[in-house]
Amino acid sequence: MTEPTSLSAGSVQKKESVATQLMKRKKEVGVTSEELASANAATDQKEQATSEVSEDYAYRSSGRPEETDMIKSLVTDQDASRNCELYLPVPSSCPAVESSEESEEDMYRDAEEIEREKMLLCQTNSSECKLSVAPEMDIMEYCRREWRGNTPVAKRMRKGYEAVAQKFASIRRIRGDNYCAFRATLFQALSQSTELPSWLQREDFTMLPENLLSKYDWIKHWQLKEKLGRKMGEISDEIKEYLILLRKKWKSVSEIKSSIEKQEACDELFKNEEEEYSLYEALKFLMLNTAIELYNDDKNGRRVPVFSWLLFARDTSSNPCQLMHNHLNHIGHSGGLEQVEMFLLAYALQYTIQVYRLYKYSTDEFITLYPNDPEEDWPVVTLITEDDRHYNIPVRMCQETTL
């Protein structure tokens, strides 16, 4: 599954300025070199993934190089964000990489015949065609199907999957849209939950939109499901509904004792597109709330995690207002989560997100934790990525996984 890509706003930042600011911070507060290096590495991963993997992705199944065209548009909207500069990414036209089966079929059958067969399959099993989380598949079988070539990257991917297979027996593919990081993380969190998280139990949880809007009027420009022009009261009410739904669904799933029934409940939830995307909007708003808290803590001299400096060191998100306009508003629509925003998601959920980054096999970054210094009592969810853009989930743990 190939995920839509676009040139994210964060990718145009100057790495020198980020590094300079972090080194200054390091001297001011005494951050260790290891902590600084670990967090700073997160800002470089997407560029490294592109340079290291993209060429081999082109030959992954079809044997033909894949061409991409990345376009960036820069506009300024002073009224919307109180003189915040807006860097709006324009979706690129990126052709999907063909699967190896499709490539082989093209040699023997014409396009019309292949298309008729695909339509027939969708008609006979329409629910499966819309699955957000595909059924389980043996992880090594999936690897052999996806990575048949003999390029260095293909060999590294196979080695990576072999390492994951020592811990997990199967893989479930995640629908490849710009919500895939949310989808993979939330599915894993719900399918493993046994109780409602403490932050979801707070009495003022559903009052969060109203409280934030009363302090920051720029939040009225929050983008809800690609619908613009909402009034402040409408935004508050709709986000409140999303938060109520998140708490209701999390509570319902966590109370299910049978693991089989719990998985069935999660599968059913992630077949309902309306509810599913409402949950993602709730997660985005929780990320904004967490970013505001971190920003204010830093301004007031409180200790904050290193990733928070990186988050607000970007030219496109020097404050929560810019973060909302240039990043959070685009997640799910024209872009996905960047590496530093994976940290923010982890802090918003109070979960440790463990990611097998297959293209980093045989390096210290093969298994990356978000955050890299997790709280001991935070639950752990595990994801798999081949390129830091699209995420799948491993299931059926073979043995106890330790961090």
Residues which pass side chain to side chain donor-acceptor pair (under 3.5 Å) with [X], listed by chain and number, not counting sequence neighbours:
X      : value
Gln188 : none
Thr185 : none
Glu276 : Ser132, Arg183, Tyr280
Asn296 : Tyr216

**Study point:** Check against ring pair (Phe, Tyr, Trp, His ring centres under 6.0 Å), Phe307 and Tyr347
**Key:** CA-CA 10 Å; Phe307 89 87; Tyr347 263 80; 5.1 Å; yes
Would you check if there is a donor-acceptor pair between the side chains of [Y] and [X] at a distance under 3.5 Å?
X      : Y      : result
Tyr161 : Glu386 : yes
Gln354 : Thr382 : yes
Glu281 : Tyr277 : no
Tyr142 : Arg144 : no
Asn392 : His390 : yes

Heavy-atom check, side chain of [X] versus side chain of [Y], under 4.5 Å:
X      : Y      : result
Leu358 : Phe366 : yes
Tyr179 : His333 : yes
Trp222 : Leu288 : yes

Using modelled atom types only, decide if a donor and an acceptor are shared between the side chain of [X] and the backbone of [Y] within a distance under 3.5 Å.
X      : Y      : answer
Ser252 : Lys248 : no
Lys262 : Ser193 : yes
His330 : Met324 : no

By side chain to side chain contact (heavy atoms under 4.5 Å, CB included), which residues pair with [X], not counting sequence neighbours?
X      : value
Thr363 : Lys360, Glu365
Ser170 : Glu136, Val395, Arg396
Cys266 : Phe187, Leu190, Ser191, Val253
Leu200 : Leu196, Pro197, Phe205, Leu246, Arg247, Trp250

Using salt bridge (charged side-chain N to carboxylate O under 4.0 Å, His left out) as the criterion, list what pairs up with [X], not counting sequence neighbours.
X      : result
Lys251 : Glu255
Asp297 : Arg302
Arg172 : Asp267
Asp364 : none

Check your understanding: Would one find more than 12 heavy atoms of other residues, nucleotides or ligands at under 6.0 Å from atom CD of Glu195?
Key ->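 Incorrect, the count does not exceed 12.
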Check your understanding: Does CD in Glu210 sit with more than 12 non-hydrogen atoms of other residues, nucleotides or ligands closer than 6.0 Å?
Key ->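 Incorrect, the count does not exceed 12.
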Check your understanding: Would you call Arg314-Glu338 a salt bridge at under 4.0 Å N-O?
Key ->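 Result for this pair is yes, salt bridge flagged.
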